[in-house]
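In this chain, numbering begins with 1 at the start of the sequence shown. Both ligands and their constituent atoms are indexed starting at 1 by order of listing.
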Amino acid sequence: MSKTAAVFNKKKFINDVTETVRHMYRKQLKEASQQEIFQAVSYVVKDVVIDDWLATQQAFDDQDPKIVYYMSMEFLMGRALGNNLINLKAYKEVKEALEEIGLNLDVIEDQEPDPALGNGGLGRLAACFMESLATLGYAAYGCGIRYRYGMFKQQISDGFQVEVPDNWLKNGYPFELRRPEYSYEIKFGGYVRTEDMGNGNTRFIHEGYQSVMAIPYDMPIVGYDNHMVNTLMIWDAEPKEGFQLDSFDKGDYNKAVEQENLARNLVEVLYPNDNHIQGKELRLKQQYFFVSASLQRAIARFKKHHEDIHQLPEKAVFQMNDTHPTVAVAELMRILLDEEGLSWEDAWDITTHCVAYTNHTIMAEALEKWPIEIFQRLLPRVYQIVEEINRRFVLQIQEQYPGNNDKIAKMAILYDGQVKMAHLAIVAGYSVNGVARLHTEILKKEQLKDFYEMMPQKFNNKTNGITQRRFLAHANPLLADWVTAHVGEGWITDLSQIRKLAPYADDKKAQQEFLEIKHQNKVRLAKYIKEHNGIDVDPDSIFDVQVKRLHEYKRQLLNILHVMYLYNEIKEHPDMEFVPRTFIFGAKAAAGYKNAKLTIKLINSVGEVINNDKSINNKIKVVFIEDYKVSNAEWIFAAADVSEQISTASKEASGTGNMKFMLNGALTLGTMDGANVEMYEEVGPDNMFIFGMSSDEVIAHEHNRDYDPMQIFNTDQDIRKVLTQLVNGFYSPNDSELFRDLYNSLLNTHSTQYADTYFILADFRSYAEAQKKIMEYYKNRSAWAKSAILNTAHSGKFSSDRTIQEYVDDIWHLPKVKVDVE
Ligand SMILES: *Cc1c(COP(=O)(O)O)cnc(C)c1O
């Protein structure tokens, strides 16, 4: 019997939980609250995990593998308890054991806060990657920030989004371990003094700075059934003990107070912007803080096992998730130059063989640029190093393109008073990857064209993926069991095996079973909606779902305008054929993003009118699910019939929500954007609904500036009617001007943007046609079931296991680690 199974002997497990409740709360099990039971169950599970965690560390020490450090400002982990049980292969046993003593694992899991240390797709990708790395047996550390407040909780009040702080640590978090023995000092501000050391050497001494201590909290990342437990290290900030200052500043009380405040503010909150920068000084401080701490810990670990720092690239790779951790380039240089005493050439050689960069977006407003003034004041020594990297790179440009100043303007790291983080990442990184094939091609042809011409060998694609352990095994146990019954359980660690479902797509019994499972998942979601929204939705209606961050490029506005159009159609033609539809939305908007927040209000206002119009016989329902996050997402994917992936072509780098829906047997309604293109390739034209302009067409219009939405408004009376309803009080009787800004965004050119920047009106007709096809298709239950099964069956490519294996083969070159447990 394997060790894990032995520990999850039911009797022993119940005994351990009972004892833990006694010790922690001085209570008997029957007196304990659900939260207390959650804590106790989690401690018992963590106890098992810790044995494997120690064994993994031992394996690292023995086998000395190369380690990837995945550096990310965001890790959108979701709850740990359920997933850890799945990966320990103990979920069912624990569920049964708890049932035997009258406890419900679902209720206990629901006590766990979602550690929401991320915004959306980018942070969730980091979480999926960590899980896949552990499951595949690769040594990895996630490096991030332990925000005291993660992504805000969203409440909907009178249809408007209200942001509520997410105090996720208030009850204590059982799956973390404070590691003060790995604390490091991080320095900000001050100035650099140079000392001539003779024979041409200079020493750089940083003085007059403020500093904080970085304290890591380690979270276990449990691999599936392999005893491997990797580590997510997230950093907390604390003031240096007892108002201590470096000797230079002794007695400077004000500075001591400032230092206290710096530590308090540094990790207080996650910036809630997705695909948009907010150039705040505190954000740069956060970046440097976790990057410097992570590098110091990584190098300390390396030096414990190795003499020669020149071998660092053989044992460590730092993957930068977007440009947020790019200051790592200069910080690693600083450590190698100033602390290890290497020459510039040696330090640069090591750095450029250790760092790699993932690009996540082509949108200008998401490209990080820091004013030199801020950067230099905050990080004086690091800035000197960036200047030198830039000086040498500009020389290289001049050599390759003599007299071409345009190239310098477009590619320099320092230009126009700004530090361009993407340029720094590309110049230093030995790999630059996009996150879906189309996205990578657009990078090479458009945004990063000059870099691609100069260093084509760096560019590569790694199409994103998702972990099937969370998004099928845990999220949809009914379907997971059904898949296992048909193709065996190999899919859990090798999703390509799910292809063996395809022959069942034509099987009537299989279709029936598949539809029944989908129905049960819809009932589960309908109950959630009834409880949370007070709205009755019919599980026999089409569940048409768009859940993702609220962003204009994702075009929730297109979706809701189409709902408004459908409603007009039903009112005008009450007898027309219509399959009842439930339109489900879930989305958080960045707190300062006006049009995004107004779109949430519009969705709720449209719902208010339509849901209460008895005359349409429940043909349409509109539901906005409050506080979209990983835990409720899992239920939503399982229940979806239609997956809305309707971004303006070229704007969504990959998307990963699209993949979760596909895995759970939803049919995609989408544009040829991001990973949709590759999903289409896998599942074929009969099982996916594509509409709208291509990315080439969008890009051509952007170059030519020849798109005129007003022409569409003037010639299409259905569109005109819908847009007019935005400003005539139809959905806002108390304030007909409420939605004016949305109306204007579609029709008026403003100083910074063209009208209808995201081509909503251009794609509207094509979208409406595709929606009509979906309604027709849904009536043929057998055809629909076949397509749904084929979606699940063809989702194999979109496992993050596949993505990680490609990173390992092409970029990281990691060996597999074998964890032995006696
Ligand atoms: C997968 C996921 C996302 C990303 O969704 P996209 O549709 O790819 O933007 C965002 N938030 C949560 C909670 C997710 O699970």
**OP:** Name the orientation class of the two ring planes belonging to Y777 and W784 (parallel below 30°, tilted from 30 to 60°, perpendicular beyond 60°).
**Re:** tilted

**OP:** Please check if any side-chain donor atom of S132 sits under 3.5 Å from a side-chain acceptor atom of T467, or the reverse.
**Re:** no

Original post:
Applying ring-ring contact (aromatic ring centres under 6.0 Å, His included), which residue pairs with at least one partner in residues 638-660 are found, sequence neighbours left out?
Top reply: none

Original post:
Does the side chain of D673 pick up a donor-acceptor pair with the side chain of Q645 at under 3.5 Å?
Top reply: no

Pairwise, report which nitrogen or oxygen atoms of ligand 1 are under 3.5 angstrom from protein nitrogen or oxygen atoms, and how far apart they are.
unit_1   : atom_1 : unit_2 : atom_2 : d
ligand 1 : 7 (O)  : K548   : NZ     : 2.6
ligand 1 : 8 (O)  : T656   : N      : 2.8
ligand 1 : 8 (O)  : G657   : N      : 3.0
ligand 1 : 9 (O)  : K554   : NZ     : 2.8
ligand 1 : 15 (O) : K660   : NZ     : 2.7

**OP:** May I ask you to check whether D801 and T135 show a side-chain donor-acceptor distance below 3.5 Å?
**Re:** no

Original post:
Do the ring planes of H551 and Y758 sit parallel (below 30°), tilted (30 to 60°) or perpendicular (above 60°)?
Top reply: perpendicular

